[in-house]
Amino acid sequence: MAEPERTERRLRPAPLLFEPSESVADPEHFFDLESIEDPRELLARAIELTLAFRAAQERAVEFQALAAAQLADPRRFDRLSPALIAEQAEWTEDYARKMIEFGETLQRGTGTDPA
């Protein structure tokens with residue numbers, strides 16, 4: 001199956017609801033999926049959650065890249081080197097440089113994936 005356009009993936013396919021604290025203690029509990037008995041409904045909800053987590057992950061990476069680019073901005077008096085950003089984010093220095101570049105493209109409004 002072909003991957004949808006980037007703008008289509010920005011849609012919010014399913015809300016990520018916080019789980020009640022008592023449910024989190026149960027290792028078998030996951031967004032109440034274990035209580036769904038109809039396999040069609042289970043599949044539909046599991047797909048919704050998968051899409052929502054993917055969208056959330058993509059957005060989180062974009063925010064990481066923006067933050068890295070801002071921290072590395074040479075106009076900042078407290079600028080961080082790619083090595084320091086990598087250390088703080090637990091990335092390799094090479095990946096930190098790629099994320100900084102990605103963040104700079106996002107700041108210019110021309111986002112492309114860093115990987």
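- Judged as a side-chain hydrogen bond (donor to acceptor under 3.5 Å, both in side chains), and not counting sequence neighbours, Arg40 has no contacts.
- Between Phe53 and Thr50 there is no side-chain heavy-atom pair separated by less than 4.5 Å.
- Minimum interatomic distance between Ile100 and Ala72 (heavy atoms only, all atoms of both residues): CD1-CB, 3.7 Å.
- Looking at every heavy atom in both residues, Gln70 comes nearest to Arg76 through O-CD, 2.6 Å.
- The nearest pair of heavy atoms linking Trp91 to Ala96 is CE3-CA, 3.7 Å.
- At a threshold of 4.5 Å between non-hydrogen side-chain atoms, the residues Leu49 and Leu33 count as touching.
- Ion pairing of Arg45 with Glu41 is absent here, as no side-chain N (NZ or NE/NH1/NH2) approaches a carboxylate O to less than 4.0 Å.
- Counting only residues at least two apart or in different chains, salt bridge (Lys or Arg N to Asp or Glu O under 4.0 Å) contacts with residues 101-110 are absent.
- Side chains of Phe102 and Glu62 form a contact here, defined as non-hydrogen atoms less than 4.5 Å apart.
- Between Asp38 and Leu42 the shortest side-chain heavy-atom distance does not fall below 4.5 Å.
- Partners of Asp94 by salt bridge (Lys or Arg N to Asp or Glu O under 4.0 Å), not counting sequence neighbours, listed by chain and number: Lys98.
- Atom OH of Tyr95 and atom CD of Gln64 lie 6.5 Å apart (nearest 0.5 Å).
- Within a 6.0 Å sphere centred on CD of Glu87, heavy atoms belonging to other residues, nucleotides or ligands number 12 at most.
- In terms of heavy-atom proximity, Ala65 sits nearest to Leu106 at CB-CD1, 4.2 Å.
- Within 6.0 Å of CD on Gln88 lie no more than 12 heavy atoms contributed by other residues, nucleotides or ligands.
- With a 4.5 Å cut-off on side-chain heavy atoms, Met99 and Ile85 do not count as touching.
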(request) Any chance you could lay out the side-chain contact (heavy atoms from CB on, under 4.5 Å) test for Leu71 and Arg79, step after step, and finish with the verdict? (result) CA-CA 6 Å; Leu71 288 169; Arg79 173 183 184 220; over 6 Å; no

